[in-house]
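Each remark here refers to the structure printed beneath this line.
Residue indices begin at 1 and follow the sequence shown.
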Amino acid sequence: MNISSLEKIIDESLKNKTQEYKRLFHGRGNFYEDFNYLTIDSIDDIIFATIFEEINKDIEKEIIDFLEKIYENYNYKTLVLQRRYLNNGENEVLKGTLNKQNHVIENGLKYSINFSNKNIGFFADMKKGRQFVYENAKDKKVLNLFSYTCSFSVCAIKGEAKEIVNIDMAKNALNTGRLNHQINNLDTKNVKFLPHNILKSWGKIKKSGPYDIIIIDPPSFQKGSFAATKDYEKIIKRLDSLASKKCIILSCLNAPELDTSFIKNLFEKFAPEFKYVKRLDNLEEFISKDKEKSLKNMIFEKS
């Protein structure tokens, strides 16, 4: 695969360009062998590319020249490149300027993003998970574990949830979560934002239960706080004490080294009262050579 092949994929992806966030090219699924270190996103007037590993400087220049061509041809206002392999994953504005406040739009809802961080504050591959929550939240009490910037909460309250409890260790992420509700003009009187380490204490979380929907969306690995291989089961063991009689679980995992059987086995062993229903399809633009290595959003129901 060469740059001209990449250009054809991008041109096809941009045929119906809108304001909404769209993954234009997804190399991380190893479907495109020559560019498995590259992703390219369209974020309204911003084109955002990420290089995940250090590459030959000539190849990098060729990619940057190509990105600048896309920037010009499709009238983007800003071109941002992230070199993810660097310590802080620095974002460099190659063309144009960034606004002080930047947003992602998905299904008509806005989410604040910040290009001064390695993770800009929004994970586009979770779109179908957010859609599931929106469609099932009406009159439900929702627990959003590892809530980060609370995009699930935004969808739940938009979907007329009765109450939402967002839990995350990072206060700054929760502050962005509050902002995400505000910019969508959503009432937060029934939305809680709790900075809390769930692995140390469950009393505060249990007190606000029982919950009709529980979202588990942890990082696959975060040094010093969470490792899916040993910590995910600690959450599964607690579910029955948190759940209502007909509770729905959205169990998320984005670890290439762990497949769907990892989560299924945890439920069978530690929460057998919850039965597996289905795995949500991933977005077509997040193409992957191996489905088991891609994002896994799995639905369980208490029976």
Modelled atom types, side-chain donor and acceptor of [X] and [Y], under 3.5 Å:
| X | Y | value |
| --- | --- | --- |
| Ser112 | Asn180 | no |
| Tyr76 | Ser42 | yes |
| Asp290 | Ser288 | no |

The criterion is salt bridge (Lys or Arg N to Asp or Glu O under 4.0 Å); which residues satisfy it with [X], sequence neighbours excluded?
| X | value |
| --- | --- |
| Arg23 | Asp41 |
| Lys69 | Glu7 |
| Asp240 | Lys302 |
| Lys95 | none |

Item to complete: Evaluate the ring planes of His26 and Phe286, with Trp represented by its six-membered ring, and classify them as parallel (under 30°), tilted (30 to 60°) or perpendicular (over 60°).
Response: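 Because their plane-to-plane angle lies in the 30° to 60° range, the rings of His26 and Phe286 count as tilted.
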Would you mind listing every side-chain hydrogen bond (donor to acceptor under 3.5 Å, both in side chains) that reaches into [range], with sequence neighbours excluded?
| range | result |
| --- | --- |
| residues 247-259 | Asp125-Asn254, Tyr232-Ser251, Asp259-Ser261 |
| residues 140-150 | Asn144-Asn166 |
| residues 184-203 | Lys192-Ser208 |

Practice prompt. List for me each residue that meets side chain to side chain contact (heavy atoms under 4.5 Å, CB included) alongside Lys275, sequence neighbours excluded, and say none if there are none.
Written response: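 In terms of side chain to side chain contact (heavy atoms under 4.5 Å, CB included), with neighbours along the sequence ignored, Lys275 is linked to Ser303.
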Discussion item. Using the side chain to side chain contact (heavy atoms under 4.5 Å, CB included) criterion, which residues pair with Thr229? Sequence neighbours excluded.
Written reply: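 With neighbours one apart ignored, the set is Ala227, Leu258.
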Worksheet item: Glu60 and Arg83: side-chain contact (heavy atoms from CB on, under 4.5 Å), yes or no, with the steps?
Response: CA-CA 10 Å; Glu60 183 179 284; Arg83 293 176 176 87; 3.1 Å; yes
Practice prompt. Return the minimal non-hydrogen interatomic distance between Thr260 and Met298, and the atom names on each side.
Written response: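 Heavy atoms of Thr260 and Met298 come nearest at O-CE, 3.7 Å.
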Worksheet item: What are the two closest heavy atoms between Arg279 and Ser294, and how far apart are they?
Response: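 Nearest pair, atom of Arg279 first, then Ser294: NH2-OG, 3.3 Å.
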If you group Ile, Leu, Val, Met, Phe, Trp and Tyr by side-chain heavy-atom gaps below 4.5 Å, do [X] and [Y] land in one group?
| X | Y | result |
| --- | --- | --- |
| Leu266 | Ile215 | no |
| Phe25 | Ile63 | yes |
| Ile3 | Leu38 | yes |
| Ile216 | Val133 | no |

Given 3.5 Å as the limit, does a donor-acceptor pair link the side chain of [X] with the main chain of [Y], or not?
| X | Y | value |
| --- | --- | --- |
| Lys293 | Lys289 | no |
| Asn91 | Phe115 | yes |
| Asn2 | Ser5 | yes |
| Lys128 | Leu283 | no |

Are any of the side-chain nitrogens in [X] or [Y] under 4.0 Å away from the carboxylate oxygens of its partner?
| X | Y | result |
| --- | --- | --- |
| Asp11 | Lys8 | no |
| Glu301 | Lys246 | no |
| Lys264 | Glu268 | no |
| Lys15 | Glu12 | yes |
| Lys118 | Glu90 | no |
| Lys61 | Asp65 | yes |

Item to complete: Might you work through the side-chain hydrogen bond (donor to acceptor under 3.5 Å, both in side chains) test for Glu285 and Ser13, ending with a clear yes or no?
Response: CA-CA 9 Å; Glu285 53 262 39; Ser13 296; over 6 Å; no
Determine all donor-acceptor pairs shorter than 3.5 Å in which one atom belongs to a side chain in residues 48-58; sequence neighbours excluded.
unit_1 : atom_1 : unit_2 : atom_2 : d
Asn56  : OD1    : Asp58  : N      : 2.7
Asn56  : OD1    : Ile59  : N      : 3.3

Discussion item. Between Ile46 and Leu98, is the side-chain contact (heavy atoms from CB on, under 4.5 Å) condition met? List the steps.
Written reply: CA-CA 8 Å; Ile46 301 169; Leu98 281 171; 3.9 Å; yes
Fill in: Ring centre gap for His181 and Phe193 strictly below 6.0 Å
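Close enough - the centres of the two rings lie under 6.0 Å apart.
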Fill in: Residue pairs passing the salt bridge (charged side-chain N to carboxylate O under 4.0 Å, His left out) test where at least one lies in residues 107-117, sequence neighbours excluded
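As it turns out, there is no salt bridge (charged side-chain N to carboxylate O under 4.0 Å, His left out) pair with a partner in residues 107-117 once direct neighbours are skipped.
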Worksheet item: With a cutoff of under 4.5 Å between side-chain heavy atoms, which Ile, Leu, Val, Met, Phe, Trp and Tyr residues group with Ile183?
Response: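 In the cluster with Ile183 are Leu179.
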Fill in: Residues Tyr85, Tyr37; criterion ring pair (Phe, Tyr, Trp, His ring centres under 6.0 Å); working and verdict
CA-CA 10 Å; Tyr85 57 88; Tyr37 53 81; 9.7 Å; no
Discussion item. Using 0.5 Å steps for rounding, measure from the CZ atom of Phe35 to the CD1 atom of Ile9.
Written reply: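 Interatomic distance, Phe35 CZ to Ile9 CD1, rounded to 0.5 Å: 9.0 Å.
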